[in-house]
Student: 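Just passing along the structure, written as structure tokens.
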Protein chains: 2
Amino acid sequence: MLRLSKLTDYAVVVMARLARDGALPDGQVQTAPGLALATGIAEPTVSKVLKSLGQAGLVEGLRGARGGYRLTRPLEDVPLSEVIVAIDGPIALTACVDGGLGSCEAEGICAVRGRWDPVNDAIRRALSGITLADLAGVPRRRPATMLAQLVAE
Amino acid sequence: MLRLSKLTDYAVVVMARLARDGALPDGQVQTAPGLALATGIAEPTVSKVLKSLGQAGLVEGLRGARGGYRLTRPLEDVPLSEVIVAIDGPIALTACVDGGLGSCEAEGICAVRGRWDPVNDAIRRALSGITLADLAGVPRRRPATMLAQLVAE
DNA sequence: TCAAAGGGGACCCCATTGGTCCTATTTAGA
DNA sequence: TCTAAATAGGACCAATGGGGTCCCCTTTGA
């Protein structure tokens, strides 16, 4: 169905919540349990998502008592593609692409070999053109009706 | 990993092969077993793919002895998005989107509710801009180096 | 009349993903 | 100095759904 993982969905929700609650760069932090409560997502799952986001540098985790998480960038500066990569790994629509040689038994006769690249590029571009600010309910710089056009540019 | 199904990959390969072997609109037909042999994909799988493509109107199946399949349109006129829809169903990145109300327990507090639409639109546009001719090794109207730009338009 | 082909399902298996849990490590505050 | 609260990291389990196979029916040319 060409769907992205639920975890990625959660990641967007969590980051949007961080922004809404003021956990901005150099701002106050929000704890994982708190975010779980606020978003309705199970606490262990929230933690898991935040860990991945932390490794990707999209959020900053402060350890210890009174610790928590906050964004490292405002939502407008976070393209959706980065979140997807952080959670799901590299964006590549087919196994062929990242597997290299030897991963496909039909290699010799495959008529489409190596031709998925433009597709992957197109998807990456589309997803890079959308920021988390577009997805969250926070103030946007442009009217909503223009989003589709922007996104398709 | 945001990947599309293997079946879709197979579908593209099979359709490219149909074109290459002259199974064009109003042309000769190719049998499923023959295509399996030519592509290296298992015969039952090829059949499965062709059935789906047939239901979507992308290929035409002629029954009976000397039957087989042929394209209903040249590859240039088949956007990749149609193939994906034929095999995988509607292009919708998240369960939220097509599930309607009641399918998400966090509905009340979800900050991203209903905001995935621009993402889905962007993906659809990107995939509609690529035709099977771009993916197959068949003669193209434009130099390969321009593909990425075209695709991203 | 037969054989070769497509049409439409049912069916099983397994890989991936979602989700949970446990154990370190860090750090503010009493 | 000690404790509690929090992140960091990873191991682990369960289930969904997709890949793949198979079967039976219908159609049709020879």
Side-chain angles (χ1 to χ4, degrees), chain A residues 1-11 13-14 18 23 28-37 39-70 72 84 87-89 92-95 99 103-106, chain B residues 1-11 13-14 18 23 28-37 39-70 84 87-89 93-95 99 103-106:
Chain A
M1 203 221 295
L2 186 70
R3 72 179 187 291
L4 52 80
S5 73
K6 268 190 183 177
L7 273 295
T8 303
D9 192 359
Y10 295 157
V13 172
V14 166
L18 278 172
Q28 57 185 342
V29 297
Q30 291 289 324
T31 70
L35 288 165
L37 219 44
T39 59
I41 304 170
E43 194 262 322
T45 303
V46 172
S47 288
K48 188 178 194 173
V49 164
L50 285 168
K51 286 172 203 168
S52 297
L53 293 175
Q55 289 176 334
L58 293 175
V59 303
E60 177 188 17
L62 302 188
R63 307 177 72 166
R66 298 297 170 102
Y69 293 93
R70 66 185 166 205
T72 57
I84 294 175
I87 303 290
D88 283 346
L93 289 183
T94 57
S103 57
C104 175
E105 56 288 346
Chain B
M1 203 221 294
L2 184 73
R3 71 180 185 293
L4 52 79
S5 73
K6 268 191 183 178
L7 274 293
T8 303
D9 192 0
Y10 294 158
V13 172
V14 167
L18 278 173
Q28 58 184 343
V29 297
Q30 291 289 324
T31 70
L35 288 165
L37 220 44
T39 59
I41 304 169
E43 195 261 323
T45 303
V46 171
S47 289
K48 189 178 194 173
V49 164
L50 285 167
K51 286 172 203 168
S52 297
L53 292 176
Q55 289 176 334
L58 292 176
V59 303
E60 177 187 18
L62 302 187
R63 305 177 72 165
R66 298 299 170 103
Y69 292 93
R70 66 185 165 203
I84 295 174
I87 303 292
D88 283 345
L93 289 184
T94 56
S103 58
C104 175
E105 56 288 346

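Letters A, B, ... mirror the listed sequences (proteins, then strands); counts begin at 1. Nothing here was measured: the structure is a model prediction, and the numbers come from that model. As a basis for the values below, the full set of heavy atoms in this structure was taken, side chains included, without hydrogen atoms, waters or symmetry mates.
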Student: Figure out the CG/C1' separation between B:D88 and D:dG18, and round it to whole Å.
Tutor: 9 Å

Student: Tell me which nucleotide among C:dG18, D:dG20, C:dG6 gets nearest to the side chain of B:P33.
Tutor: C:dG6

Student: Can you find a pair of side-chain heavy atoms, one from A:L35 and one from A:L50, that are under 4.5 Å apart?
Tutor: yes

Student: Round to a whole Å and report the spacing from CZ of B:R70 to P of C:dG6.
Tutor: 13 Å

Student: Nearest-Å distance, CD (A:Q55) to C1' (D:dG9)?
Tutor: 8 Å

Student: Given atom CG of A:L35 and atom P of D:dA6, what is their separation to the nearest angstrom?
Tutor: 12 Å

Student: Write down the atom of A:I87, the atom of A:S52, and the distance for their closest heavy-atom approach.
Tutor: CD1-CB, 3.9 Å

Student: Looking only at heavy atoms, which two atoms of B:R70 and B:Q28 are closest? And how far apart?
Tutor: CB-O, 3.7 Å

Student: Is there a side-chain contact between B:L18 and B:V29 (heavy atoms, below 4.5 Å)?
Tutor: no

Student: On a heavy-atom basis, which atom in B:K48 and which in B:L7 lie closest, and how many Å separate them?
Tutor: CD-CD1, 4.5 Å

Student: Counting side-chain heavy atoms from CB outward, which of C:dG6, D:dG19, C:dT20 is closest to B:T31?
Tutor: C:dG6

Student: A:E43 CD to C:dG18 C1': how many Å, rounded?
Tutor: 16 Å

Student: For residues 47-54 of chain B, which residues have at least one heavy atom under 4.0 Å from DNA chain D?
Tutor: B:K48

Student: May I ask you to verify if any side-chain N or O of B:Q30 is less than 4.0 angstrom from the OP1 or OP2 atom of C:dA5?
Tutor: no

Student: Please determine, for the side chain of A:P44, which listed nucleotide (C:dT20, C:dG18, D:dG20) has the closest atom?
Tutor: C:dT20

Student: Restricting to nitrogen or oxygen on both sides, can you table the protein-nucleotides 28-30 of chain D pairs closer than 3.5 Å?
Tutor:
residue, atom, partner, partner atom, Å
D:dT28, O2, B:A65, N, 3.4

Student: How far does the helix from C:dT1-D:dA30 to C:dA30-D:dT1 bend, going by the axes of its first and last five pairs, to the nearest 10°?
Tutor: 10°

Student: Measuring from atom CG of B:L62 to atom OG1 of B:T31, what distance do you get when rounded to the nearest 0.5 angstrom?
Tutor: 12.0 Å

Student: OP1 or OP2 of C:dG7 less than 4.0 angstrom from a side-chain nitrogen or oxygen of B:Y69, does that happen here?
Tutor: yes

Student: Measure across B:V13 and B:T39 and return the closest heavy-atom pair with its distance rounded to 0.1 Å.
Tutor: CG1-CG2, 4.0 Å

Student: In whole angstrom, give the distance that lies between atom CG of A:L7 and atom P of C:dT16.
Tutor: 16 Å

Student: For the residue pair A:E43 and A:A32, what are the closest heavy atoms and their distance?
Tutor: OE2-CB, 4.2 Å

Student: Could you tell me how far apart B:L62 (CG) and C:dG7 (P) are, to the nearest whole angstrom?
Tutor: 8 Å

Student: Roughly, in whole Å, what's the span from CD1 in B:I87 to P in D:dG18?
Tutor: 13 Å

